[in-house]
Amino acid sequence: MTTYTTDLRSLQVDYAGPRLSVAVLGERLFRVRFAPDGRFAPRRSWAVARADGEFAPASFTVDEQAEALLLKTGAVTVRIERRAPQLGFADASGRNFCVDREPMAGRCVRKHIAPDERFYGFGQRMGLLEKTGQRLVNWTTDPARAHGSDLEQMYLAIPVYLSLQPGLAYGVFFNNTWRSVFDVGCAQPGVLQMSADGGELDYYVAYGPSPAEVLQRWRELLGAMPLPPRWALGHHQSRWGYRCAEDFLHLAEQFRARRLPCDVFHFDIDYMRGYRVFTWDGERFPDPKSLISNLNAAGFRAVTIIDPGVKADPDYAVYREGLAHDYFIRGADGEVVHGYVWPDDAVFADFARPEVRAWWGGLQRVLTEAGVSGVWNDMNEPVVFDKPFSEGGGGVGTLPLDAVQGPADERTTHAELHNLFGLQMARASYEGLRRLLGDERPFVLTRSGFAGVQRWSACWMGDNNSWWEHLEAALPQLCNMGLSGVPFVGVDIGGFGHNASGELLARWIQVGALMPFCRNHSAWDTARQEPWVFGERVESIYREYLNLRYRLLPYLYTLFWEAAQTGAPILRPLLYHFPDDPQTVHLHDEVLLGPSLLAAPILRPGQTHRAVYLPAGEWYDWHTGERFAGPAHVLAYAPLERMPLYVRAGAIIPLGPELQHTAEKPLNPLTLLVAPGEGDFTLYEDDGRTFAYERGEWCLTRYTLRYTGNELTLRASPREGRYAPPSRTVVVRVLGGGEIARPDDAEGWVVTLP
């Protein structure tokens, strides 16, 4: 006989043994759990950022019917069948969504796919934007072959998706760290299946009805991205093959002499002594502190790579310490697990344990004392080679699945914690850097991670290639990461493997200048990829688009603040702002930077024109100021020097001066580029460097644009917050028209332009 109980937060239904729980975490956020044996697993320390009990109780009612229980909040009704563990959701108008096709069984649930339903997110994926018809595996791995749309699993496992129907959006987070699968109408059209190899059936449902509202729920549940230092938004230069101090000094000289903006150099594995993490090679980098000091003086920060494999060498202090304190992962037989990576025989820290994370984070002192500002975590899926690297080893193996991990009271196996290895390593790195750097904001970059990784790290999409196909794949890949709750993302500009052409690099930097994480990176066995290698024309294009990025920094930094506050993606597919436009649901080769800038990059060699879709409203060509009325397809002229770029009517885009690095000079003048129309924009500012913003040292200025007759009126509100920007001039510029300069006034002002 079916019985049920309720408390302040949930409804539990007992099916004479099996048990179903629906927790109400808000009127639009729910957690569904199913225990076939009637016993729910205890909460794990590595779970979501907020436990159920940390949400304010949300009011709900239960309507008892003969066939079902109806759990109702102000926005959503959950129908729970009495005869078997099966449920579905409906919005206030009665539209069904996320409806079970049949009763739950074990760790599997099957959902109806509505005829007009589309699916996005799923973390890091290749292929086009929309994912119906695909089988998607959540298991972190270094792919054995070049990235293609047939890859089912990649470096990151983010089991989060967004569903879209006209007038309705909802999201699902599959809260299971074991190897899991989303089958989105692949095995059976019209059916979405979620299943896992272990654990329990546990998932969250976030109702919109807009994509933005779904992302707000994930921010509350999975955690917020901390504000990065402003320098991390600049251009990063990297290559596996910068082998000595002289390489970096020459690089710095070239970037500054050629007036190519850049803030960060990345040190790949060659800086270490025999690939031993937390060491410097004494011959090639005899004085790293002096080197980094010289780079800092020229406006460059240093970010060093760190891999998880610790060389098994009794003369190596990190190895000895880890053994002495039992910090390394052990196998089912009780022996420390060994595997081959760059330093050949290596062991691996158990990042699931807080004391191990604290130890690892503290080891970064050897880097920070030399002046390093950030850490780049690689190979942290984790990867284990098939034989020693010195003997040509490679491959994509990993640790034994029965290896033992976790704190004493949560001891489990690598099979459950594999997907969390990269996230927990990133957490160790971030927390350690935060302690070591004092009030300076750290920067962490990771190749692997799980849902919630945005709390600790930026992510890049791993080892892409210098192929036009990979340039095209970048936009849907990054947009789907953003829709999965991870906003600080990028791909290697120009491609990591193979050889880029000048044309490909020129087109890639046009896209890369708008990516949240902007890094040129290439492999040691490829042709050099610095912009000047390809001649004056390509170098000039590269410079122009880096200048664009640096001028956009006030706008971009505000988007990062918005992402931290609301979970909004920084780089957005058009469907994010135009979800009911049928033209946007499959559109993968255009992108929005925030709400106001629409980019339509060239993604094929030899093209000088392309069709661009402009959604409803008015749009202005960034380059010419020409006005277009949407919805419409237009033909854009795009010689190599130009990426089609459009500004939404009513936009207010704050621009700064041209810079060689983000700390070169203050934001003066502040240029407000406005596109005729009606709109508003709130500019966020702080010192860009410290955690003073957490102590109230920030300011907001809201600008409002009104369009009456042929006159534009721009109003600035009085500033909010305690941060006082440097004294400056404000230049108001109308796209395609005139401009006016005036002193900035914190008390607010009004400017009217003809």
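When all heavy atoms of Leu367 and Ile306 are compared, the pair lying nearest together is CD1-CD1, 4.0 Å. The heavy-atom pair separating Phe534 from Ala500 by the smallest distance is CE2-O, 3.3 Å. Nearest heavy-atom pair, Tyr430 versus Pro442, reported as atom, atom and distance to 0.1 Å: CE1-CG, 3.5 Å.
Salt bridge Arg434/Glu694: present, at least one basic N to carboxylate O contact under 4.0 Å. Using a cutoff of 4.0 Å between basic side-chain nitrogens and carboxylate oxygens, Arg695 and Glu697 are not scored as salt-bridged. Salt-bridge formation is not detected for the pair Arg284/Asp247: no Lys NZ or Arg NE/NH1/NH2 atom is positioned less than 4.0 Å from an Asp or Glu carboxylate oxygen. At a threshold of 4.0 Å, the pair Glu658-Arg549 does not count as salt-bridged, since none of the basic side-chain nitrogens sits closer than that to a carboxylate oxygen. Here Asp686 pairs with Arg441 in a salt bridge; the nearest charged N to carboxylate O distance falls below 4.0 Å. Between Arg273 and Asp281, none of the side-chain N atoms (NZ, or NE/NH1/NH2) sits under 4.0 Å from a carboxylate O, so this pair counts as no salt bridge. A salt bridge between Glu369 and Lys289 is absent, with no side-chain N of the basic residue lying under 4.0 Å from a carboxylate O of the acidic one. Salt bridge status for Asp680 with Arg702: present, with a side-chain N to carboxylate O gap under 4.0 Å. Using a cutoff of 4.0 Å between basic side-chain nitrogens and carboxylate oxygens, Asp268 and Arg243 are not scored as salt-bridged.
For Ser484 (side chain) and Gly123 (main-chain N/O), a donor-acceptor pair under 3.5 Å exists by modelled atom type. Asp589 places no side-chain N or O within 3.5 Å of a backbone atom of Glu472 that could act as its donor or acceptor partner. Judged by distance alone, the side chain of Arg728 and the main-chain N or O of Asp744 form no donor-acceptor pair under 3.5 Å. Remark: the backbone N or O of Ala358 is paired with a side-chain donor or acceptor of Arg435 at under 3.5 angstrom. The backbone N or O of Leu222 lies less than 3.5 Å from a partner atom in the side chain of Arg455, making a donor-acceptor pair. Listed for the Ser457 side chain is no donor-acceptor partner under 3.5 Å among the backbone atoms of Ala426. Using modelled atom types, no side-chain atom of Asn380 and backbone atom of Pro382 make a donor-acceptor pair closer than 3.5 Å. With Glu544 contributing its side chain and Ser540 its backbone, the two residues share no donor-acceptor pair below 3.5 Å. Put simply, the side chain of Tyr576 never gets that close to the backbone of Leu483: no donor and acceptor are under 3.5 Å apart. Side chain of Asn419 to backbone of Phe450: no donor-acceptor contact under 3.5 angstrom is found.
Relative ring orientation between Trp280 and Phe267 is described as perpendicular, the plane-to-plane angle rising above 60° on a 0-90° scale split at 30° and 60°.
Between the CG atom in Leu667 and the OH atom in Tyr557 there is a gap of 12.0 Å [rounded to 0.5 Å]. Rounding to the nearest 0.5 Å gives a distance of 14.5 Å between CG of Leu420 and CE of Met425. Interatomic distance, CD1 of Ile158 versus CH2 of Trp218, reported as 12.5 Å (0.5 Å rounding). Atom CD in Gln660 sits 6.0 Å away from atom CD in Glu664 (nearest 0.5 Å). Annotation: the span from Tyr155 atom OH to Thr446 atom OG1 amounts to 12.0 Å, rounded to 0.5 Å. In this structure, CG on Leu575 lies 7.5 Å from CG on Leu162, to the nearest 0.5 angstrom.
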- Message: side chain to side chain contact (heavy atoms under 4.5 Å, CB included), that's the test. Do Met515 and Leu478 meet it? Break it down for me.
- Response: CA-CA 8 Å; Met515 295 189 309; Leu478 298 182; 3.4 Å; yes
- side chain to side chain donor-acceptor pair (under 3.5 Å) between His521 and Arg239, intermediate numbers included: CA-CA 5 Å; His521 183 48; Arg239 179 174 171 83; over 6 Å; no
- Query: Which is it for Glu431 and Arg427 under the salt bridge (Lys or Arg N to Asp or Glu O under 4.0 Å) test, yes or no, and what are the steps along the way?
  - Reply: CA-CA 6 Å; Glu431 291 177 341; Arg427 179 179 181 179; 3.0 Å; yes
- Task: Starting from the C-alpha separation in whole Å, work towards a yes-or-no answer on side chain to side chain donor-acceptor pair (under 3.5 Å) for Asn547 and Tyr542.
- Result: CA-CA 9 Å; Asn547 283 335; Tyr542 208 99; over 6 Å; no
- Task: Would you sort out whether Arg689 and Asp439 count as a salt bridge (Lys or Arg N to Asp or Glu O under 4.0 Å), showing the intermediate values?
- Result: CA-CA 8 Å; Arg689 184 177 55 84; Asp439 207 29; over 6 Å; no
- Task: Could you walk me through whether Tyr545 and His235 pass side chain to side chain donor-acceptor pair (under 3.5 Å), step by step?
- Result: CA-CA 11 Å; Tyr545 280 87; His235 177 241; over 6 Å; no
- Message: Could you walk me through whether Leu552 and Ile653 satisfy the side chain to side chain contact (heavy atoms under 4.5 Å, CB included) test, starting with their C-alpha distance in whole Å, then the side-chain angles of each, then the deciding distance to 0.1 Å, before giving a yes or no?
- Response: CA-CA 8 Å; Leu552 283 168; Ile653 300 178; 3.9 Å; yes
- Item | CA sep, side-chain torsions, deciding dist, call: Leu559, Glu562, side chain to side chain contact (heavy atoms under 4.5 Å, CB included) | CA-CA 5 Å; Leu559 295 180; Glu562 182 185 352; 3.8 Å; yes
- Assess whether side chain to side chain contact (heavy atoms under 4.5 Å, CB included) is satisfied between Ser466 and Thr526, documenting all intermediate values. CA-CA 10 Å; Ser466 300; Thr526 66; over 6 Å; no
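A donor-acceptor pair shorter than 3.5 Å can be found between the side chains of Ser429 and Asn377. With hydrogens and angles left out, the side-chain atoms of Asn296 and Ser293 include no donor and acceptor closer than 3.5 Å. Inspection of the Gln216 and Arg219 side chains reveals no N or O donor paired with an N or O acceptor under 3.5 Å. Asn520 and Gln529 are linked by a side-chain donor-acceptor pair at a separation below 3.5 angstrom, with hydrogens and angles left out of the test.
Shown are Leu574, Leu475, Asn480; of these, the side chain to side chain contact (heavy atoms under 4.5 Å, CB included) with Leu129 is made only by Asn480. In summary, of the residues considered (His236, Arg256, His661, Gln237), a side chain to side chain contact (heavy atoms under 4.5 Å, CB included) with Phe300 occurs for Arg256 alone. A side chain to side chain contact (heavy atoms under 4.5 Å, CB included) with Leu546 holds for exactly one of Ile541, Ile509, Leu659; it is Ile509.
Taking the six-membered ring for Trp, Trp622 and Tyr646 have ring centres at least 6.0 Å apart. The aromatic ring centres of Trp698 and Tyr693 sit 6.0 Å or more apart. His147 has its ring centre less than 6.0 Å from the ring centre of His470. A ring-centre distance under 6.0 Å is found for Phe255 and Trp532. Taking the centre of each ring, Phe265 and Tyr242 stay at or above the 6.0 Å mark. In summary, the aromatic rings of Trp240 and Trp376 are positioned with their centroids too far apart to meet the 6.0 Å limit.
Within 6.0 Å of atom CZ in Arg50, more than 12 heavy atoms from other residues, nucleotides or ligands are found, so the atom counts as buried in its surroundings.
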